[in-house]
Amino acid sequence: MDELTRDPVLTQGTAIGDLARAVAFLHAFARRKAPVRRPVPGGFAVLDDRYPGSYDDNKLIIRETPDDDGRILRETPGDDRLFAREASDDNGLIVRPAPGDVPERAAELLMAAADETLATRAHRLVCIDDDRLGTACVPAFAAAGYEHETNLVMVFRGRMPTTPPSPASRAAPQEASQIASPAASPVGLAVVEVLGLEEVVAVSRRDWRESLPEASDETIEALARRVEVRPRGADTVGFRGVRAPDGEIAARADLYVHGGVAQIESVLTAEAYRGKGYARTLMNALLAEVADAELIFLVADADDWPRHFYTRLGFETVGRTHAFLRA
């Protein structure tokens with residue numbers, strides 16, 4: 001996967017090339033930070049016993065359509081029959097499955113793999129990166145009680161902030177303290193800070209408690225501390241935040257850089273500070289910080305409002321992925 005992120009064929013700025021490179025980055029990041037990786041039909045699973053309730057750390061990642069033996073089915077070029085392929089039956093005759101057969105069977109295989117691989121977890125999460133396969137599997141997963149989420153892979157195509165980042169932004173995360181905001185914003189002279197790991201854990205603990213008021217302290221602590229493994233996911237992993245006048249972190253995000261690719265992830269504005277420009281200040285600083293990256297991308301929920309915010313900043317959708325969750 002690391003090789004794919006550096007493949008010169010995929011650096012031409014085309015939607016299909018950028019999508020392939022972004023997805024490869026996500027796969028490699030997940031593999032590097034996971035203590036346990038297992039092959040599953042069509043892809044792989046990541047597991048972390050330290051955070052059993054974390055969906056992101058315990059899931060199946062599916063790249064291609066599996067067949068009954070866990071092998072990969074590839075589409076026939078130019079064939080409009082979804083996932084159709086030729087195969088021999090028991091009598092040696094050539095047969096073609098009906099268009100709906102393969103996706104339905106694939107969904108069954110993937111759900112069975114999730115039951116087996118995530119047997120010790122209270123949830124089942126199957127992430128499918130192929131848009132056509134994910135779309136075709138929706139009915140089968142829905143019938144089995146899974147919730148469906150469509151995510152947009154969005155690549156930055158806009159103009160970079162005109163003011164360059166301060167020298168502090170180019171230092172290692174543990175050495176830098178503040179990054180001057182590179183563009184004017186409604187919050188005025190707010191600066192983007194490099195956050196230490198323990199402060200990120202503390203802020204995450206606050207935000208998870210706000211989101212999950214009924215959750216146990218043990219669950220909240222595990223969700224907050226799972227951030228501790230993220231530095232293993234990429235060559236450069238940093239945490240950034242904008243502080244409100246009262247001293248609280250108003251908005252924060254993760255930044256991952258590896259092999260010429262930069263991902264902006266976990267962008268979050270605390271509810272009390274939304275609509276005041278903190279997220280825009282943060283995003284402008286992050287973009288300026290990675291302005292020399294070959295590819296800058298993020299992943300956004302297709303059904304949530306932030307995707308419009310990212311579009312206004314200059315991000316463009318290059319593809320869709322799918323997630324199926326049963327909790």
Side-chain angles (χ1 to χ4, degrees), residues 154 156 158 160-215 217 219-221 223-228 230-231 236-257 262-291 296 298-301 304-315:
M154 305 184 73
F156 185 69
M160 284 291 175
T162 55
T163 303
S166 70
S169 69
R170 300 188 183 278
Q174 64 269 25
E175 297 171 353
S177 60
Q178 292 185 334
I179 301 172
S181 174
S185 74
V187 295
L189 298 177
V191 295
V192 175
E193 301 181 18
V194 175
L195 304 179
L197 192 57
E198 281 307 311
E199 183 164 21
V200 174
V201 171
V203 176
S204 296
R205 190 184 294 119
R206 177 201 70 185
D207 294 337
W208 278 115
R209 174 53 67 197
E210 183 178 280
S211 299
L212 303 173
E214 304 301 323
D217 290 342
T219 297
I220 295 298
E221 190 64 19
L223 289 172
R225 291 215 164 265
R226 66 181 185 171
V227 71
E228 294 174 338
R230 290 179 186 167
T236 300
V237 173
F239 307 104
R240 307 290 185 257
V242 182
R243 203 175 298 276
D246 62 6
E248 291 291 323
I249 296 297
R252 59 186 175 89
D254 295 359
L255 183 63
Y256 313 141
V257 185
Q263 180 191 5
I264 298 172
E265 173 62 11
S266 300
V267 181
L268 178 66
T269 303
E271 188 172 356
Y273 305 103
R274 291 175 184 170
K276 299 180 180 180
Y278 290 108
R280 181 174 292 275
T281 295
L282 177 61
M283 290 296 294
N284 282 337
L286 291 171
L287 289 170
E289 185 176 353
V290 295
I296 304 170
L298 54 79
V299 179
D301 187 337
D304 207 356
W305 65 266
R307 73 190 190 281
H308 301 301
F309 169 64
Y310 299 136
T311 298
R312 292 193 296 272
L313 288 174
F315 284 85

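By convention here, the first residue in the shown sequence is residue 1.
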Open item on the list: Suppose we screen for side chain to side chain donor-acceptor pair (under 3.5 Å). Which residues come up paired with S211, at least two apart in sequence or across chains?
Closed with: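 By the side chain to side chain donor-acceptor pair (under 3.5 Å) rule, S211 matches no residue at all.
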
Task: Set of side chain to side chain donor-acceptor pair (under 3.5 Å) partners for Y256, sequence neighbours left out - done: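 Partners of Y256 by the side chain to side chain donor-acceptor pair (under 3.5 Å) criterion, ordered by chain and then number, come out as D254.
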
TODO: Using modelled atom types only, decide if a donor and an acceptor are shared between the side chain of D304 and the backbone of P306 within a distance under 3.5 Å.
DONE: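 Checked: no pair found.
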
TODO: Report yes or no: does R206 contribute a side-chain atom to a donor-acceptor pair with the main-chain N or O of A270 at less than 3.5 Å?
DONE: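 Between the backbone of A270 and the side chain of R206 there is no qualifying donor-acceptor contact (under 3.5 Å).
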
What closest approach, in Å, do [X] and [Y] show between heavy atoms, and which atom pair accounts for it?
X: A253; Y: V267; value: CB-CG2, 3.9 Å
X: A251; Y: A279; value: CB-N, 4.2 Å
X: L287; Y: P161; value: CB-CD, 4.0 Å
X: P231; Y: E228; value: CD-O, 3.3 Å

Just verifying a value: how many Å separate [X] [atom1] and [Y] [atom2], rounded to the nearest 0.5 Å?
X: I249; Y: T269; atom1: CD1; atom2: OG1; answer: 11.5 Å
X: L298; Y: Y310; atom1: CG; atom2: OH; answer: 6.0 Å
X: L313; Y: F156; atom1: CG; atom2: CZ; answer: 7.5 Å
X: T236; Y: L255; atom1: OG1; atom2: CG; answer: 8.0 Å
X: K276; Y: T281; atom1: NZ; atom2: OG1; answer: 13.0 Å
X: T311; Y: M154; atom1: OG1; atom2: CE; answer: 3.5 Å

Kindly indicate whether the side chain of [X], heavy atoms from C-beta on, has any atom under 4.5 Å from the side chain of [Y].
X: R240; Y: V194; result: yes
X: L223; Y: L212; result: yes
X: V257; Y: V290; result: yes
X: R280; Y: F309; result: yes
X: L197; Y: V227; result: yes
X: N284; Y: V192; result: no

Going by the rule side chain to side chain contact (heavy atoms under 4.5 Å, CB included), which residues pair with [X] if we only count those two or more places apart in sequence or in a different chain?
X: A250; value: A244, Y273, Y278
X: R205; value: V201, A202, I220, E221, A224, R225
X: E271; value: E210, R274

Task: Carboxylate-amine/guanidinium contact R252 E199, below 4.0 Å - done: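 No salt bridge links R252 with E199.
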
Task: Note: R230-E265 ion pair, threshold 4.0 Å (strictly below) - done: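 Between E265 and R230 there is no salt bridge, as every charged N stays at least 4.0 Å from the carboxylate O atoms.
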
- [ ] For D217, check salt bridge (charged side-chain N to carboxylate O under 4.0 Å, His left out) against everything at least two apart and list the hits.
- [x]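 D217 satisfies salt bridge (charged side-chain N to carboxylate O under 4.0 Å, His left out) with R209 once adjacent residues are dropped.
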
